[in-house]
Amino acid sequence: MYRERTVTATPDRTRIERYEPTQIEPRWQARWDEVGLHDTDLEDTSRPKSYILTMYPYPSGDLHIGHWYIVTPTDALARFHRMHGENVFFPIGFDAYGLPAENAAIRNNINPRDWTMQNIEHERKQFRSMGAVFDWRYEVVTCEPEFYRWNQWFFLRLLENDLAYRRMSPVDWCPNDGTLAREQVEGVDRHCWRCGAPVEKRDLEQWYLRTTKYADELLNFTGLDWPEPIKVQQTNWIGRSEGAEIVFTTAADDAHAGGEELRVFTTRPDTLFGATFMVLAPEHPLVPVLTHPERRDEVERYVAASARRTEIERLSTDRDKTGVFTGSFAVNPVNDERIPIWIADYVLGGYGTGAIMAVPAHDERDFEFAHRFGLAIRRVVAAPGTEDEPLERAFVSHAAGERLINSGEYSGLPAYEAGRAIVARLAERGLAKPTVTYRLRDWLFSRQRYWGTPIPVIYCERDGIVAVPDEDLPVRLPDTVDYRGRGENPLNHDETFLRVTCPKCGQPARRETDTMDTFVDSSWYWFRYLSPHKDDAPIDRALVDRWTPVDQYTGGAEHAVMHLMYSRFWTKAMRDLGLIAEDEPFKRLFNQGQILGADGERMSKSRGNVQDPDELVQRFGADTVRLFLMFMGPWDQGGPWSPSGIGGVHRFLTRVWTLAIEPHGTEPGDPESGNLPEGEDDAAAAAALRRAGHKTLKTVTAEYGAFKFNTMVAHLIELANTLMRYRGTSAAKLPEWDETVRLLLLMLAPAAPHITEELWSRRLAAAGAEWSSIHSEAWPDIDEAAATDDVREVPIQVNGKVRDRVTVPAGISEIELEQLVLARDKVQAALGGKAPDRVIHAGGGRLVNIVIR
RNA sequence: GCCGAGGUGGCGGAAUCGGUAGACGCGCUAGCUUCAGGAGCUAGUGUCCGCAAGGGCGUAUGGGUUCAAAUCCCUUCCUCGGUACCA
């Protein structure tokens, strides 16, 4: 069908058909759709499966170049796997719930759903222009009832299994965005991750998911090929620490009877004799009880102030510790000593027991506090001989060789051993137990927002919290909403939504108006891709068993502790619900870098630093844009956007075009064009072409596998340049030329799918063969023999400096090489008449270094 | 402060199981070519001295190990990301 367009061999460049990507690309995209080239048959078990996943986008309106940067190399990878005979599934969808839709809706008085769906439609078109192998039949859109009903279904299962619960708790509250997860509060000044407003505290009844139940399991990354920094971040986030809980008792005084238990968590039970005071978090429940009447005013003032401690000045209070004495005392269980009880905001209510024993001699924070308020400091751990040295700061070490002092019967014991002994002894009296504590908190799951999945519960005056029965799912989010001004959840005013009858007693009841955190959607969406329209279950067990876990996941590192941890939690919970067999969602993870605006800031419409890919596609074609994004630099690095250099990549594709279309043309601008290189005949040229082709194939194959797309493109450019050198010469008529061009097209196909398909179709047509897609071709086999050089250049160093180079046959022996090297004039000159002291043959003959004194 | 990543030409970057520093591309310079296009081709391009041949110096900084260091070890400085008193 293209034969008549093929221009016959002629040295006249003017007749060469130009490379016109804007004509070629849409035509092939339509053709691929027509023949179903990108359809994945999930039931096909004749080939090994490969599930390749990239983080689905939030439909904010426009895909910017950053989206292309994420998707393009992943698409190339999917195609690379496909060419290796794997049954590749590479789906896409939209993370459609979220605040920007709601904010846009409030501002422009339109429905969040309309806003979202319009954006999705636009972004679908943009994705299609990229030529990615997405199978759109498996698209998932999370704001559709067919998806979110299963969020509700999962929630009910979690509720039944005590993995979801409701609790009154102080939550981080943003005046614009409502409740925030702990992870959504950023920075020292505690601002909202989305709008940047200062975050306050509020007490609300909230839904939680019990992520902490899986804390230990989440620390285990066995079998996961994930970047080390992500594993480190998750490990730190979970923050497991081993220690002991120790029970102190409050002492009686003139104002109260005492005898309350005061539990503390410590990782240093060996320092128990050094506890000279206690500190409670301001929100600790015993604070009102323990506050002595004479100190009530001061304590209440402090508690109130720390509840407000979200203001900017907290930055400065970070430096200087604050606190107040309650007037009460506690008794140290190990020595019955009476020590004062203070409250201070450096002790956190939400961690451990919300109370600590303060050991200023061996804890920096306690030391600082004791110093500030003139409290006692007693050293109880020291290396032998240093017992009497004054402490200028806390001595936190407890290395081997250091022993307890001032610790009664335990004095003299090694610190670690003593700690265990103390806990064991107290445990006999029920006053201590070994304990593990985590920084990880349960997942605050509810949001006081409209645009999310409704939480499927009902509040009944008689029956309390009642789950919506499965058969009543989905609880639909009403389409028409009335915002009445600003951010407050409009569901609170929607009578038709609110009013229900209790499923248990049939009496009037009220619906939950909180919706789910939108991270719920991304916690299991890759399961749903396999059966997006299944209406009797969230997943298709057989397909899930066959296709998951995901073989390769790609996405940004900013999701290290949110999405990537919730997904692991969800997978484990699903396993425990008996829904799936596996433990982990993503076998292999790669974090690509982030493309910033030219100003080095995050790309955003409001900053006006967004690069629109459509514009570039219009000018250079999708293939050029794809290739340029891969060529820019290492994929995990990202960086500020700059289009300078895109012309070079476009030039490369134009050369590929010229090579394939017009192999016998010559360059009028180059007097050497059309002649073989000096001293080469056809046989030598043929060998050189094969060598270049197969060497490149070997390198490029490895580079695809290692995500080194930038050097992969560089090597393809190099090969094209080599071919260019032989264009118009007698070598271009040889079968080796043809084979090398073929290799170039096949290697380039995953990265630049349109131009390669076009040129491939012309080759087939020229050969009188029927069309079949280049993307259905097998990845070529490497001819190792052809890829090997028969000569090599050896640099010769004298005392580590390169003084000469010599070209030798590949199989030369060290003795021969050494003789040859020493006979060189330049080498003799560099030796200056001295005899070599040593001659080093390095790297299997890659280099010779002659050492003289 | 702590955790993580990183510092290489005018620019993006290559080379890191120690072994030719600067692949490939951009930009720049010169030449060629011309259905003057946002074209194409060839050559040059780390830096200093030199007409050249050739040589000196060079991978943030200072030291060390080695025949040999961008690469390994130690010091200091800087940039980016994460985190914020977690007992």
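Hydrogens, waters and symmetry mates are skipped; everything else that's a heavy atom, side chains included, is used. Chain naming here is simple, since letters A, B, ... match the order of the sequence lines and numbering starts at 1 in each.
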Apply the test ring-ring contact (aromatic ring centres under 6.0 Å, His included) to residues W641(A) and Y69(A): give CA-CA distance (whole Å), side-chain angles for both, the deciding distance (0.1 Å), then the verdict. CA-CA 11 Å; W641(A) 167 255; Y69(A) 188 72; 8.9 Å; no

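- Residues Y438(A) and Y351(A) fail the side-chain proximity criterion, which asks for heavy atoms closer than 4.5 Å.
- Residue K801(A) places none of its side-chain N or O atoms closer than 4.0 Å to OP1 or OP2 of G55(B).
- Contact detail for P227(A) and N591(A): the closest heavy-atom pair is CG-OD1, 3.3 Å.
- Closest to the R439(A) side chain, of the nucleotides A87(B), G40(B), C86(B), is C86(B).
- Spacing between atom CG of D345(A) and atom P of A84(B) amounts to 16 Å, rounded to whole angstrom units.
- Using a 4.0 Å cut-off, no side-chain N or O of Y346(A) falls inside it from OP1 or OP2 of A87(B).
- Of the residues in residues 637-647 of chain A, those with a non-hydrogen atom less than 4.0 angstrom from any atom of RNA chain B are Q637(A), S644(A), G645(A).
- Using a 4.0 Å heavy-atom distance criterion, R792(A) is classed as making no nucleic acid contact.
- Note on D366(A): nothing from the nucleic acid sits closer than 4.0 angstrom, heavy atoms only.
- The glycosidic torsion of G64(B) lies more than 90° away from 0, placing the base in the anti range.
- N721(A) comes within 4.0 angstrom of the backbone, heavy atoms only, and of no base.
- For R365(A), the side-chain atoms get nearest to A87(B) when compared with the rest of G56(B), C41(B), A87(B).
- Rounded to whole Å, atom P of G13(B) lies 17 Å from atom CZ of F709(A).
- Counting non-hydrogen atoms under 4.0 angstrom, R619(A) reaches a base of the nucleic acid.
- Closest to the side chain of L348(A), from the set G13(B), A23(B), C85(B), is C85(B).
- Contact annotation: R725(A) does not reach the phosphate of U42(B) (side-chain N/O to OP1 or OP2, under 4.0 Å).
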